[in-house]
Amino acid sequence: MTQTTAAPVQAVRTAPASAADRAVKRRRVLDILDAAGRDALLLTSNTSLTWYLDGSRVHISLAGDPIAAMLVDRDGDHLVTFNNEAGRIAAEELPEGVALHTVPWYGNLHQAAAAVGSNPGGSLLAEAEAANGLRAARQQLLPAESARYAALSAEAAAIMTDVLSAARPETTEFELVSALAARVVAAGAEPLVLLCNGSGRSDFRHPLATHAPLGRRAMAVICARRDGMVANITRWVRFDAGTHQERDAEARIAAVEADIFDATVPGARLDRIFTEIQAAYTRHGFGADQWEQHHQGGPAGYAGRDPRVTSQATDVVVHDQAFTWNPSGPGVKIEDTVQLTEHGLQVLTVDPRWPVTTVNGLDRPATLQL
């Protein structure tokens with residue numbers, strides 16, 4: 001294994017990392033090491049790597065493992081990647097102050113990363129052992145990453161407006177998600193999830209697209225990742241006035257979401273918010289079992305949900321944390337990416353062109369009627 005000083009390449013992208021944000025993140029990791037009494041931490045997942053590197057891309061295949069591993073020790077940060085990836089990483093993804101090391105493309109990244117640093121063979125903390133501490137370290141978003149997240153979220157909302165406004169009843173689900181995918185990629189993001197159901201498939205909570213036409217109403221979902229952060233958004237379009245039952249269910253699911261928002265306050269524990277979610281479904285006429293039909297969302301940021309909220313999740317909500325709650329019922333769902341600021345919840349996935357209804361003083365997306 002070698003430490004590389006790759007020849008300069010004219011880059012069309014530079015690492016998005018903020019030096020100020022990265023310094024805070026490094027301090028948070030050193031606190032994890034202090035608490036564990038270890039010398040170094042080995043980061044190996046896409047979530048942890050993109051968070052700690054502050055937005056660097058460390059993937060090739062969206063379905064594959066990262067093509068890099070990071071050793072954080074008390075003297076510095078060491079990124080190990082394969083020899084065939086090092087040039088691009090050095091030119092476009094490497095933050096300042098991170099040492100880059102290479103191994104052959106057939107080498108073992110994790111073994112190589114464990115052997116670098118100022119104290120090879122010292123007491124090493126694996127990422128899995130530090131999972132809770134790392135998740136806590138990711139909770140409070142820092143200024144530069146908050147700005148990047150807000151920009152991505154707003155672009156995702158605008159993409160939804162543009163694509164759904166052009167849809168027609170005869171548009172197929174595949175055609176719709178193809179248009180969404182093209183716009184997401186053109187925005188420099190990766191479409192991690194694209195879902196669509198037309199009126200004939202509205203009972204499915206995770207509707208992968210088919211060749212079916214949209215018909216009289218449709219739902220679309222985007223989970224788009226850029227600079228490591230994932231923006232999540234659901235929108236509905238309708239080509240008629242809708243039925244009384246549909247409009248009533250839309251209002252009630254927005255009321256469920258409003259109760260979840262009210263429970264999402266600094267100091268609240270996720271398991272207690274989950275209890276409130278369960279009660280909200282009953283309170284608004286969906287039945288006591290609706291929460292079992294689909295996950296309810298949770299904290300967001302460098303993972304789609306970080307974590308999904310359950311009765312076992314005891315993380316405590318903090319200021320500047322991001323969330324995507326996604327309550328749903330038969331034929332209805334509502335979902336936006338929000339951030340809990342000192343002034344309250346701020347909706348990030350917002351486009352002023354989209355129709356809204358006011359729920360508990362907050363503008364929430366209505367169904368777009370064409």
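All values below were derived from every heavy atom in this structure, side-chain atoms included, with hydrogens, water molecules and symmetry-related copies excluded.
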S.K.: List in chain and number order the residues that pass salt bridge (Lys or Arg N to Asp or Glu O under 4.0 Å) with R269, two or more places apart in sequence or in another chain; answer none if no residue qualifies.
M.R.: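 Listed in chain order: D271.
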S.K.: Taking only Lys NZ, Arg NE, NH1 and NH2, and the carboxylate oxygens of Asp or Glu, determine whether R22 and D54 approach each other closer than 4.0 Å.
M.R.: no
S.K.: Not counting sequence neighbours, list each pair that qualifies as a ring pair (Phe, Tyr, Trp, His ring centres under 6.0 Å) and has a residue in residues 331-362.
M.R.: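 Applying ring pair (Phe, Tyr, Trp, His ring centres under 6.0 Å) to every pair that reaches into residues 331-362, excluding sequence neighbours, yields nothing.
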S.K.: Show the numbers, then the answer: is there a side chain to side chain contact (heavy atoms under 4.5 Å, CB included) between T172 and E175?
M.R.: CA-CA 5 Å; T172 70; E175 288 171 339; 3.1 Å; yes
S.K.: Tell me which donor-acceptor pairs under 3.5 Å the side chains of residues 104-117 have, and how far apart each pair is, sequence neighbours excluded?
M.R.:
residue: N108; atom: OD1; partner: H110; partner atom: N; Å: 3.1
residue: N108; atom: OD1; partner: Q111; partner atom: N; Å: 2.9

S.K.: Who passes ring-ring contact (aromatic ring centres under 6.0 Å, His included) against H294, sequence neighbours left out?
M.R.: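 H294 satisfies ring-ring contact (aromatic ring centres under 6.0 Å, His included) with H206 only.
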S.K.: Quick test of your reading: applying side chain to side chain donor-acceptor pair (under 3.5 Å), list the pairs with at least one residue in residues 329-340, sequence neighbours left out, ordered by first then second residue.
M.R.: S146-Q339, T234-K333, T234-E335, R235-D336, R305-E335, T324-T337, K333-E335, D336-T349, D336-R364
S.K.: Which residues end up grouped with V359 if you chain together Ile, Leu, Val, Met, Phe, Trp and Tyr wherever their side-chain heavy atoms are less than 4.5 Å apart?
M.R.: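 Reading the cluster by chain and number, V359 sits alone, since nothing else belongs.
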S.K.: With ring pair (Phe, Tyr, Trp, His ring centres under 6.0 Å) as the rule and sequence neighbours excluded, what pairs involving residues 211-232 come up?
M.R.: F174-H211
S.K.: Heavy atoms only: give me the nearest R28-Q140 pair and the separation to one decimal.
M.R.: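 That would be NH1-O, 3.3 Å.
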S.K.: Would you mind listing every ring pair (Phe, Tyr, Trp, His ring centres under 6.0 Å) that reaches into residues 231-289, with sequence neighbours excluded?
M.R.: F274-W291
S.K.: What residues, two or more places apart in sequence or in another chain, satisfy salt bridge (Lys or Arg N to Asp or Glu O under 4.0 Å) together with E292?
M.R.: none
S.K.: With sequence neighbours left out, what residues match F323 under ring-ring contact (aromatic ring centres under 6.0 Å, His included)?
M.R.: W325
S.K.: Run the salt bridge (Lys or Arg N to Asp or Glu O under 4.0 Å) test against D320 and tell me which residues pass, sequence neighbours left out.
M.R.: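 Once residues adjacent in sequence are excluded, D320 has no partner under the salt bridge (Lys or Arg N to Asp or Glu O under 4.0 Å) criterion.
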S.K.: Would you please name every residue forming a salt bridge (Lys or Arg N to Asp or Glu O under 4.0 Å) with D65, sequence neighbours left out?
M.R.: none
S.K.: Could you grab the distance from atom OG of S328 to atom CE of M219, nearest 0.5 Å is fine?
M.R.: 8.5 Å
